[in-house]
There are 2 protein chains.
Amino acid sequence: MTSGRVTIADVARRAGVSTAAVSKVVRGAYGVSAEMQAKVTQAIDELGYRPHAAARALRGRTYTLGVMLSDTRNPFFPDIIEGVTGRLGDTEYQVLLGPGGIEPKTQARMTDAMIDRSMDGLILISPVMTDAELAAIATAIPVVVVGRHGGAAAYDSVVDDDVMGAGLVVDHLVGLGHTRIAHITHLERARAQGLPHTVRAEGYRQAMRAHGLADDVLATSFTEEGGFEGARELLARDDRPTAIFAGADIAALGVLRAADEAGLSVPEDLSVAGYDNIGIASLKRISLTSVDQDGHVIGATAARLLVERIEGRSRSVTSSVSPTLIVRGTTGPPRV
Amino acid sequence: MTSGRVTIADVARRAGVSTAAVSKVVRGAYGVSAEMQAKVTQAIDELGYRPHAAARALRGRTYTLGVMLSDTRNPFFPDIIEGVTGRLGDTEYQVLLGPGGIEPKTQARMTDAMIDRSMDGLILISPVMTDAELAAIATAIPVVVVGRHGGAAAYDSVVDDDVMGAGLVVDHLVGLGHTRIAHITHLERARAQGLPHTVRAEGYRQAMRAHGLADDVLATSFTEEGGFEGARELLARDDRPTAIFAGADIAALGVLRAADEAGLSVPEDLSVAGYDNIGIASLKRISLTSVDQDGHVIGATAARLLVERIEGRSRSVTSSVSPTLIVRGTTGPPRV
DNA sequence: GGTGTTGTGTAGAACGTTCTCCATTGTTTA
DNA sequence: TAAACAATGGAGAACGTTCTACACAACACC
């Protein structure tokens with residue numbers, strides 16, 4: 001009525017009760033009669049009262065969960081975020097995203113900022129930090145880490161089973177009759193452990209070994225250009241591979257271009273598979289065979305674990321989400 | 001030293017001064033001697049003190065700016081966000097993103113949540129709300145709206161000049177010798193005003209008229225399928241167009257597929273242009289001519305306007321960012 | 001020596017909640 | 001009938017800042 005925001009005191013005055021009583025009603029706490037409940041609820045509606053989050057934060061909960069994004073361009077962030085918000089949609093938690101950038105320093109700044117704003121918990125997506133830094137954050141606030149293999153005791157982890165995903169691709173290609181299957185991976189630069197591309201490469205090696213085949217890993221980068229260069233090198237060899245498994249779809253697109261330029265038809269002369277199942281992989285003009293990590297499930301799982309931890313669980317949990325292979329037009333039997 | 005977080009009182013005790021003095025130093029306020037400055041700074045460093053944002057919020061500023069995202073999948077969000085964070089990188093403002101979803105209701109819930117968390121200002125990206133709702137939000141908090149044409153007095157606006165962008169495409173195609181140029185737009189459903197696709201279609205009509213050509217607008221949807229269906233219909237006509245300008249790249253990809261299936265080669269039989277310059281448009285296999293709206297500039301401008309408004313400007317500003325045409329392989333002279 | 005003026009520091013009241021007692025009822029139980 | 005107990009509402013102290021007053025010194029001026 002007067003000037004700015006309507007506070008709990010305004011509601012209390014309107015309903016003719018104490019602020020403490022209003023607080024109880026708002027929080028659904030014990031010790032409120034039905035009559036009181038009704039009076040207060042009505043006053044709240046009439047005044048359009050909304051609790052001030054900062055004031056709450058000063059006492060305890062803030063009902064805000066932070067999600068730190070390392071690389072906003074990462075194509076399956078939207079899925080993960082949908083999974084998180086979907087899971088939390090009917091609770092009173094709100095999700096805010098923090099663009100952390102790809103630098104360890106900016107990511108640290110962002111997590112600090114989120115802690116300063118007294119969020120109740122944090123989901124870190126593919127954070128680029130040392131294990132020690134992660135552990136330090138996790139002592140200050142409940143944390144769930146997504147996309148880093150080899151979790152620690154201080155926080156929960158949700159990972160895509162990249163070993164399995166790579167295995168699915170190799171099994172598929174071997175099943176089609178391929179024996180010379182090459183893998184393009186990302187050149188390791190950061191010191192961080194357990195990054196997905198490393199694990200995918202390892203999964204590829206394991207699967208090839210299991211089939212009694214020789215592995216062939218080339219490290220360029222997960223870009224269209226990286227895929228292109230890698231494929232050009234592989235295709236120039238005498239015993240060129242009949243199938244190339246790129247560790248990321250974006251690189252697989254480069255492989256497809258290299259095949260085009262080399263005059264090889266896909267999948268007759270060369271089978272190509274990627275990883276991540278990005279949106280355009282399903283476009284009919286591309287139709288790329290790829291591994292889909294269910295972002296919704298990953299996000300929803302992370303949200304569930306985080307809430308559990310906020311509400312008291314202290315034992316650390318690691319959840320592994322199984323990927324699925326989406327077979328499309330870029331893989332087929334090798335020409336004999 | 002004791003248990004939890006280190007507060008301003010801890011610092012004051014350590015430095016042997018009052019909390020008010022520490023507060024002054026932290027805020028860089030007037031009335032601090034060099035000696036005091038040094039003492040306090042040292043104490044802060046020793047204790048690793050960080051101001052508690054919620055406590056600050058209770059008094060005034062929170063140094064947090066919110067960006068409400070309508071559709072996380074929108075391909076140029078990353079650019080806009082980079083623009084915003086880049087501009088704000090050396091200030092003490094922090095940016096948090098709120099996934100608002102595509103429903104008016106969820107977007108309203110998110111903006112409310114951001115206001116509850118007493119953010120200093122809001123950037124709304126392509127919000128789907130009525131003008132009245134927008135105006136209501138803008139009275140509660142400084143607001144900059146991105147991507148809605150026809151701004152209001154209560155808030156600032158940043159828009160891509162979609163009329164100009166559509167004009168660039170038409171001029172380019174006419175310059176190549178095309179006269180039968182069709183446009184695929186998005187079927188209007190929401191009641192919101194001034195959405196980009198409407199303005200692009202209008203810009204297309206204006207430009208065609210300026211060249212003395214008849215316009216030809218088909219409304220499907222901004223999806224790959226929408227572009228495909230639209231193109232199929234257009235290409236089935238007797239006097240089929242020699243060029244199709246899709247209002248969004250994703251639809252242009254569908255147009256390309258339709259051309260493929262119709263056995264038409266691009267750009268000889270059909271020129272295709274899109275809008276947004278999404279990442280894959282530049283892939284050599286696609287090489288789509290498209291209109292680039294500089295997301296960095298849009299984001300940076302929005303951030304600048306918001307800070308200005310927070311710091312006192314009350315006059316409303318609308319900033320129009322000029323797009324550029326990126327000519328690639330899908331447009332060329334028509335076959336005569 | 002009074003009266004300003006300036007520069008520096010502090011006391012203490014907000015800000016809007018939550019939450020731990022405590023007071024007041026009304027109801028059982030001995 | 002007294003004593004114990006349960007159910008409900010309220011007082012008031014936090015929570016960690018900011019910021020308006022004000023105090024106190026040192027110094028300049030008349």
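Proteins come first, then strands; the chains are lettered A, B, ... in the order of their sequence lines, and each starts at number 1. Just so you know, these numbers come straight off a predicted model, no measurement behind them.
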State plainly whether the residues A/Arg315 and A/Asp156 are in salt-bridge range, i.e. N to O under 4.0 Å. no
Does a side-chain N-to-carboxylate-O contact under 4.0 Å join B/Asp10 and B/Arg5? no
How does protein reach along nucleotides 9-16 of chain C, written 5' to 3' as B (base within reach of a heavy atom under 4.0 Å), S (only sugar-phosphate), or - (no contact)? BBB--BBB
Taken to the nearest whole Å, CZ/B/Arg13 to C1'/D/dT17 is 15 Å
Atom-to-atom span, OH of B/Tyr30 to P of C/dT8 - whole angstrom: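 Going from B/Tyr30 (OH) to C/dT8 (P), I get 6 Å.
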Among A/Val307, A/Leu305, A/Leu306, find the one that has a side chain to side chain contact (heavy atoms under 4.5 Å, CB included) with A/Pro142.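 Output: one option passes, namely A/Leu306.
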Check the phosphate of D/dT17 against B/Ser23, side-chain N and O only, distance under 4.0 Å to OP1 or OP2. Yes or no? no
Would you say that A/Thr64 contacts A/Asp120 through its side chain, given a criterion of any heavy-atom pair below 4.5 Å between the two side chains? no
Closest heavy-atom contact between B/Ser126 and B/Gln107?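 Where B/Ser126 meets B/Gln107 most closely, the heavy atoms are O-NE2, 4.5 Å.
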